[in-house]
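Heads up: the structure comes next, in structure tokens.
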Amino acid sequence: MSTDSLGTEPARTARENPVVGANGDQAGPFGGATAARWVGRRMPRREDARLITGRGRYVDDLNPPGTVHVAFVRSTVARGRIVGLDVDAAREMPGVVAVLTAAEVNSPSHQFWQTMTGPQSVGTPGRVLADTDVRYVGEPIALVVAESRYLAEDAAELVDVDIDVEDPVVGFAAALAEGAPRVHPELADNIAEEVPTADIPGFEERFDTAPHVFTETFDQHRYLCVPMETRGVVARWDPWTRRLELTLSGQGVHEPRLFYSRMLGIPEDAIHVTMGDVGGSFGQKMFPMREEHAVVIASRLIGGRPLKWIEDRAENLIGGGHAREERIEIMVATDDRGVLLAGRADHLEDVGAYPYPGNGSAAGSAAGMFPGPYRWAGPGSVKYTGRAVYTNTCGRCAYRGPWMMETTGREQMMDVVARKLGIDPLEMRRRNVISREELPFTSPSTLVYETISPAETLEQAAELIGYGRFRREQEEARAQGRLLGVGLSLYVEPQFGFGNLSTEAATIRVEPSGKVNVSMGTGSHGQSVETTMAQVVADELGVPIDDVRIVQGDSAATPYGPGTGGSRTGAVAGGAAHAAAALMRERVLGIAAHMLEASPSDVEMVDAVVGVRGVPGGPTVTLAEIAGLAYFDTDALPPGSEPGLEVSRRYKAPLFMFSNACHAVTIEIDRETGKVDILRYVVSEDCGNMINPMVVEGQIAGGVVQGIGGVFYEHMIYDSDGNPTTTTFMDYLVPTAAEVPDLEYGHVVTPSTTPGGHKGLGEGGAIASPAALVNAVRDALAPLGATVNGQSLSPDRILEIIEAAESATADETPS
């Protein structure tokens with residue numbers, strides 16, 4: 001036990017617990033149960049063999065015979081009327097197959113709603129290409145189809161677009177100003193979504209009677225998903241079979257199939273969607289966007305030839321979907337010890353012109369998560385309101401943890417309040433964090449936490465970072481004029497189980513050879529689904545992992561699933577894999593027991609061989625022999641048995657599932673240059689039983705790196721005319737390996753109530769890291785009296801903050 005974490009409460013370090021699978025916990029074959037061999041192991045990702053050797057298969061690798069290529073003509077202004085559009089020169093260019101505009105592509109019958117959000121959520125006027133006006137820089141106006149991408153781009157430059165420029169709506173103030181121009185003239189105003197003020201009896205009195213009330217506003221700038229692989233699609237409409245063949249870079253195949261069935265008015269079974277390897281998404285590819293719509297519609301208009309579009313990097317930065325531009329005002333009431341008595345948050349989001357999905361707002365989800373891992377003062381102690389506004393900028397997409405502003409704001413507020421009360425931020429959290437003894441705990445937003453461990457992760461992170469020791473080093477450094485800081489961020493991460501996100505299915509087929517094929521509706525784009533789901537099935541079924549193959553990314557070969565996203569794979573898809581494998585094991589053992597003349601309860605399967613438990617060296621039968629009987633000698637099956645070895649199970653998830661973590665980071669700021677050096681970064685994570693700790697840590701690392709990029713490097717800047725000014729990697733900076741520290745991990749294991757005890761964690765690293773990093777900067781600059789409530793914190797911005805603090809100090813110094 002250690003007291004180095006500061007204060008009198010000792011740190012509690014949790015270790016990785018062994019995860020016991022269906023086969024028990026004792027080695028043997030057939031002399032006893034066998035330990036879990038795959039789940040819980042740090043196994044190399046089976047995907048890596050092809051990916052790191054350049055053998056992956058991406059959309060751009062596809063060139064079916066007869067492929068033609070697409071390039072878009074895009075708006076160069078943020079808002080204006082299209083008064084002229086001349087495509088004749090482009091159409092006459094040799095090698096051009098077609099030039100299509102809104103007149104050919106747009107249709108009033110098109111439907112634009114996603115299955116997850118439903119038809120009622122579509123807020124923006126439905127259109128594929130700009131028609132009479134343009135509403136953001138980069139909006140597609142026309143598409144050119146040509147024999148090569150080079151020809152298509154050359155022809156696109158020949159399209160003459162005449163736009164009568166109008167004043168754009170850029171930023172919160174412009175969108176909400178009285179008499180502001182409407183981004184969408186069809187709508188009454190620029191409000192995309194509003195989370196109304198809840199009527200909570202006695203709420204205001206909590207602030208009126210509290211010993212302390214603090215109010216602060218926090219801003220977060222616009223930054224982007226920036227996947228390695230940009231968006232891409234190959235679409236072919238077969239006019240003879242009247243079928244659409246579609247390959248895309250996405251997060252699943254079944255949602256695009258449903259979407260385009262609605263959009264085109266054709267049956268789902270007339271659409272076949274596939275996806276291969278995907279070079280990242282982070283939410284950007286969860287739903288097809290307007291460019292994909294245009295390519296699909298164009299393929300139907302042209303017919304017979306595959307159409308291919310690969311987004312270039314400039315297109316991705318300008319029009320691929322933006323995120324994170326938000327503001328939150330938080331009011332907190334506390335007692336003298338810093339105990340949270342009441343909280344109010346007012347959340348403002350910029351969702352651009354054409355957000356995806358729905359109206360782009362995440363305030364509804366943020367409202368539920370805002371209380372976080374703290375107890376507050378019970379029901380009625382927290383109120384959350386929100387507004388999302390349309391602007392003449394690129395629309396928002398679902399970036400990893402889209403509701404994360406609740407954590408970004410709340411965790412910064414914890415530090416602000418702690419400093420004003422003279423309490424260390426770690427101690428402030430200790431006095432308010434939910435303890436294990438309080439579970440199940442109902443948050444002020446009525447969410448019920450059953451299997452979380454925020455107090456444990458807080459203590460583990462504090463011990464791993466050496467919090468008390470760092471504070472002592474910091475005091476010595478400050479005496480020397482150095483700027484050292486430490487930041488914490490504590491959060492609860494939800495995995496949603498509502499609507500079409502609530503279920504996943506797995507279909508397992510044991511081949512006559514004894515090999516195992518598992519078909520799932522997942523759509524891996526970096527989550528290691530091929531590895532982790534194989535681990536689950538191999539353990540539950542009792543076969544070598546090399547015998548298990550995961551099939552995904554084919555709408556004709558896999559059961560329906562919403563795709564991979566929302567941190568659902570481990571808990572929901574894993575639940576389906578567990579259930580299907582358990583059913584298959586039951587069927588296999590029933591047949592094997594009949595073959596061995598034993599009771600099903602007395603046999604077990606180890607490494608695809610079934611024997612009688614407790615009889616080492618006794619008779620055995622292989623899974624291949626069992627499969628041969630099931631397929632080819634069905635009269636020898638047990639009476640009443642179904643021929644074959646094929647099973648399907650669909651898992652229904654709880655409405656909400658929760659994981660949690662604590663991030664801790666130490667930094668040093670160069671006072672002369674404003675550069676931030678990250679000294680150490682620690683994450684203590686509880687995602688339940690880990691399927692593969694290496695994958696868990698990889699997912700955490702990816703999110704943390706995105707947070708580092710967002711806070712210190714990445715910034716999509718629009719000028720007052722609505723022009724994006726950071727449109728290449730020369731000015732939109734992303735962190736490289738040189739800027740990212742070695743991350744350190746601690747694991748607390750609290751199994752969930754889902755099959756296997758797994759929880760989701762895919763978004764947590766990106767949710768918690770910005771607040772931890774900003775808090776560290778705030779802490780480092782505290783001796784200067786600096787105010788740090790906004791991002792991005794580039795070196796020049798930090799220098800501005802330092803200079804402003806020094807100027808204010810000079811002004812206050814008596815002459």
Side-chain angles (χ1 to χ4, degrees), residues 6-9 197-219 327-347 366-367 369-385 405-435 438 441 443-445 454-455 458 462 467 471 485-492 662 771-772 774-790 805 808 812:
L6 185 70
T8 58
E9 182 175 343
T197 302
D199 183 16
I200 303 176
F203 182 77
E204 300 302 331
E205 286 79 355
R206 294 176 183 264
F207 290 93
D208 295 339
T209 59
H212 304 280
V213 177
F214 306 96
T215 303
E216 203 69 65
T217 299
F218 305 98
D219 284 291
R327 175 177 297 157
I328 190 167
E329 181 184 77
I330 298 177
M331 179 184 293
V332 167
T334 75
D335 66 10
D336 292 334
R337 297 184 63 253
V339 173
L340 300 171
L341 302 178
R344 182 206 305 274
D346 185 28
H347 186 184
M369 298 310 303
F370 176 70
Y374 306 114
R375 63 179 66 88
W376 298 85
S381 61
V382 173
K383 182 183 286 189
Y384 200 99
T385 59
M405 194 61 184
E406 49 81 25
T407 292
T408 302
R410 182 194 64 244
E411 291 303 302
Q412 288 189 74
M413 192 65 180
M414 293 294 286
D415 276 40
V416 168
V417 171
R419 181 156 286 109
K420 290 183 176 180
L421 291 174
I423 303 171
D424 187 90
L426 173 59
E427 186 59 33
M428 175 81 178
R429 288 173 171 81
R430 281 174 170 163
R431 294 176 186 181
N432 290 283
V433 70
I434 299 165
S435 67
E438 296 173 90
F441 181 89
S443 81
S445 59
L458 176 65
Y467 195 91
R471 282 298 192 199
V486 59
L488 299 171
S489 181
L490 198 61
Y491 77 101
V492 176
C662 181
V774 177
N775 281 340
V777 172
R778 179 182 290 106
D779 185 56
L781 299 181
L784 307 181
T787 299
V788 184
N789 287 347
E812 294 171 1

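Excluded from the calculations below are hydrogen atoms, water molecules and symmetry mates; all remaining heavy atoms, backbone and side chain alike, are included.
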**Request:** Quick one: list whatever passes side-chain hydrogen bond (donor to acceptor under 3.5 Å, both in side chains) with T385, sequence neighbours left out.
**Result:** D346
**Complete:** Heavy-atom nearest pair, P201 first then D199, reads CD-O, 3.5 Å
**Prompt:** Excluding sequence neighbours, so at least two apart, what forms side-chain contact (heavy atoms from CB on, under 4.5 Å) with A776?
**Reply:** V665, I667
**Asked** At their closest point, which heavy atom of R206 faces which heavy atom of A342, and how far apart are they?
**Response** CB-CB, 3.8 Å
**Fill in**
Those residues at least two apart in sequence (or on a different chain) that pass ring pair (Phe, Tyr, Trp, His ring centres under 6.0 Å) with F207 are F203
**Distance, nearest 0.5 Å, that separates CG of D424 from CZ of R430** = 8.5 Å
**Fill in**
Those residues at least two apart in sequence (or on a different chain) that pass side-chain hydrogen bond (donor to acceptor under 3.5 Å, both in side chains) with R419 are D779
**Request:** Hey, could you give me the CE/CG distance between M414 and L490, rounded to the nearest 0.5 Å?
**Result:** 8.0 Å
**Message:** Strictly by side-chain hydrogen bond (donor to acceptor under 3.5 Å, both in side chains), give each pair with a member in residues 332-342 just once, sequence neighbours left out.
**Reply:** H212-D336
**Prompt:** For R375, which residues count as a salt bridge (charged side-chain N to carboxylate O under 4.0 Å, His left out) partner, sequence neighbours excluded?
**Reply:** E438
**Prompt:** Is a donor on one side and an acceptor on the other found under 3.5 Å between the side chain of R471 and the backbone of Y467?
**Reply:** no
**Message:** Please enumerate all residues that pass side-chain contact (heavy atoms from CB on, under 4.5 Å) together with T215, with sequence neighbours excluded.
**Reply:** E329, M331
**Request:** Sequence neighbours left out, what passes side-chain hydrogen bond (donor to acceptor under 3.5 Å, both in side chains) with S443? Give chain and number order.
**Result:** S445
**Item:** F218 vs M413 side-chain heavy atoms within contact, under 4.5 Å
**Value:** yes
**Prompt:** Are the side chain of W376 and the backbone of P371 linked by a donor-acceptor contact shorter than 3.5 Å?
**Reply:** yes
**Item:** For R410, salt bridge (charged side-chain N to carboxylate O under 4.0 Å, His left out) partners two or more places apart
**Value:** E406
**Distance, nearest 0.5 Å, that separates CZ of R429 from CG of L488** = 5.0 Å
**Complete:** side-chain contact (heavy atoms from CB on, under 4.5 Å) filter on R327, not counting sequence neighbours, yields F172, T217, D219, L348
**Message:** Would you say that F214 contacts V416 through its side chain, given a criterion of any heavy-atom pair below 4.5 Å between the two side chains?
**Reply:** no
**Results of side-chain hydrogen bond (donor to acceptor under 3.5 Å, both in side chains) for Y384 - residues two or more places apart only** = H347
**Message:** So which atom in N789 and which in R778 form the shortest heavy-atom distance, rounded to 0.1 Å?
**Reply:** OD1-NH2, 3.3 Å
**Item:** Closest non-hydrogen atom pair between S435 and A455, with its separation
**Value:** CA-CB, 4.4 Å
**Item:** L426 to A462 - nearest heavy-atom pair and separation
**Value:** CD2-CB, 4.0 Å
**Asked** Should D415 and Q412 count as side-chain neighbours, where that means a heavy-atom distance under 4.5 Å?
**Response** no
**Prompt:** Between OG1 of T209 and CG of L341, what distance do you get to the nearest 0.5 Å?
**Reply:** 8.0 Å
